[in-house]
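Numbers here are sequence positions counted from 1. Keep in mind that the numbers below use all heavy atoms, side chains included, and drop hydrogens, waters and symmetry copies. Order of listing sets the numbers, starting from 1, for every ligand and every atom in it.
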Amino acid sequence: MPEGNEIHRWAERHTKAFVGKKLHVEAPGGRFADADAIDGKTLKKIHAVGKHLGYEFGPDAILHVHLGRYGDWTEGVGELPPVKGALRVRLSRKPTGRAAADEATTRHGWYSEDDGSTSLEPADVDWIELRGPSDCSLYDREQWKKLLARLGPDALNGDDPEPAFAKIARSKTPIAALLMDQSVLSGIGNIYRAELLYRARLSPFLAGKDVPRKTVEAMWNDSIPLLKAGMVDRRIVTTLPKHRPHSEGKPLKPEVHYVYRRHGKPCWVCGTKVQRQEMAGRSLYWCPTCQAE
Ligand SMILES: [Zn+2]
């Protein structure tokens, strides 16, 4: 599932490509009924909050997109390609003719398999297509406000973390579940929660109220550069070079995480087998030695 880094990355790319321009908006699959309401309008601004994107065409015309587990954007240059797959919506501008469609069209793979390499400069993107989101609908300002009200602070938006610290300090819920709770913190998903906990050498099972305030602050501070680094490409790297078997050069794919999806393998730091367990319907990964209870 895309996490905050990915959402902010799309917002940044799409802003460079489309903000200030009149866009052609269409939903050829018929699964987004309000495309006509924003078709031909100028895109004013793109909001990124946690795992939510908002393409603002007017105060009461905000295209809300939540990618969910399977949603993804495809981008390309030139004329629109033929309609394929479960296309939810596509946005395009008048092509500037910088490159031929065939050569420059980039189709991103699913998040986990994608190394983030793209030859496409955001300013060159002429169209984007959305498939598989958990939501794509038109919000008015009240709906957008309600959404913001139920989301916790987003580290990539420079939000004040105090409301999140306060919620954690009075909660009996395990810290691993709190980090994923979007009403506590927004933007953190399964990879970042596992890796932030490891980097803090914190047991995922500790109740929020039992985590020292200093540790919670340290995790928040740690999340900012990690999330920002994850915006550069679609890769999240959390290991320090000194902990990787290959410490020189670009990190190798199996060495980018400490614990995420490394169950059964030895911890890079202590050699203990990394564990996996279900928590609130999602897999949790941790090192029982480095993150002892
Ligand atoms: Zn360990």
Side-chain angles (χ1 to χ4, degrees), residues 1-6 111-116 155-156 161 164-165 168-169 171-182 184-185 187-293:
M1 181 189 269
E3 305 191 27
N5 63 309
E6 178 90 344
Y111 182 69
S112 54
E113 281 99 45
D114 194 337
D115 70 354
L156 282 173
F165 295 169
I168 293 169
S171 178
K172 289 177 187 159
T173 304
I175 185 68
L178 290 169
L179 292 183
M180 292 269 281
D181 180 342
Q182 301 298 300
V184 177
L185 289 165
I188 304 292
N190 213 9
I191 304 177
Y192 278 109
R193 75 100 175 250
E195 297 297 305
L196 286 169
L197 287 167
Y198 181 86
R199 286 166 60 104
R201 303 295 192 271
L202 189 66
S203 164
F205 306 104
L206 206 59
K209 64 182 179 51
D210 296 328
V211 180
R213 159 99 191 189
K214 255 168 61 182
T215 309
V216 179
E217 280 175 13
M219 279 196 291
W220 168 267
N221 291 332
D222 194 27
S223 77
I224 299 170
L226 278 186
L227 283 159
K228 280 189 181 154
M231 282 176 67
V232 176
D233 51 28
R234 305 182 93 188
R235 202 175 207 195
I236 299 172
V237 179
T238 55
T239 46
L240 298 174
K242 66 175 178 185
H243 292 145
R244 290 178 211 135
H246 303 83
S247 56
E248 308 271 312
K250 208 180 166 199
L252 303 178
K253 202 176 167 190
E255 300 176 8
V256 295
H257 301 140
Y258 284 105
V259 290
Y260 180 73
R261 286 198 178 157
R262 292 202 63 249
H263 51 293
K265 300 199 173 86
C267 169
W268 298 128
V269 174
C270 76
T272 307
K273 256 191 197 172
V274 172
Q275 300 292 304
R276 178 177 68 169
Q277 176 187 309
E278 294 299 303
M279 183 189 271
R282 301 295 302 275
S283 290
L284 168 71
Y285 307 85
W286 81 104
C287 169
T289 303
C290 295
Q291 297 169 266
E293 277 180 74

Ion pair check, E217 and R213, cut-off under 4.0 Å: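 Judged by the 4.0 Å cut-off on N to carboxylate O distance, E217 and R213 do form a salt bridge.
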N/O donor-acceptor pair under 3.5 Å between E195 side chain and T239 backbone: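 No, because the side chain of E195 does not come within donor-acceptor range (under 3.5 Å) of the backbone of T239.
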Check: N5 side chain, L227 main-chain N or O, donor-acceptor pair, under 3.5 Å: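 Absent.
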Mutual orientation of the aromatic rings belonging to F165 and W220 [parallel < 30°, tilted 30-60°, perpendicular > 60°]: perpendicular
L179 side, atom CG; I168 side, atom CD1 - distance, nearest 0.5 Å: 6.0 Å
Under 2.8 Å from the Zn ion (ligand 1) - protein N/O/S, by chain and number: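 Atoms qualifying: C267 SG, C270 SG, C287 SG, C290 SG.
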Cationic tip of R262 above W268 ring, under 6.0 Å, 45° of axis: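 Here R262 passes the 6.0 Å and 45° test against W268.
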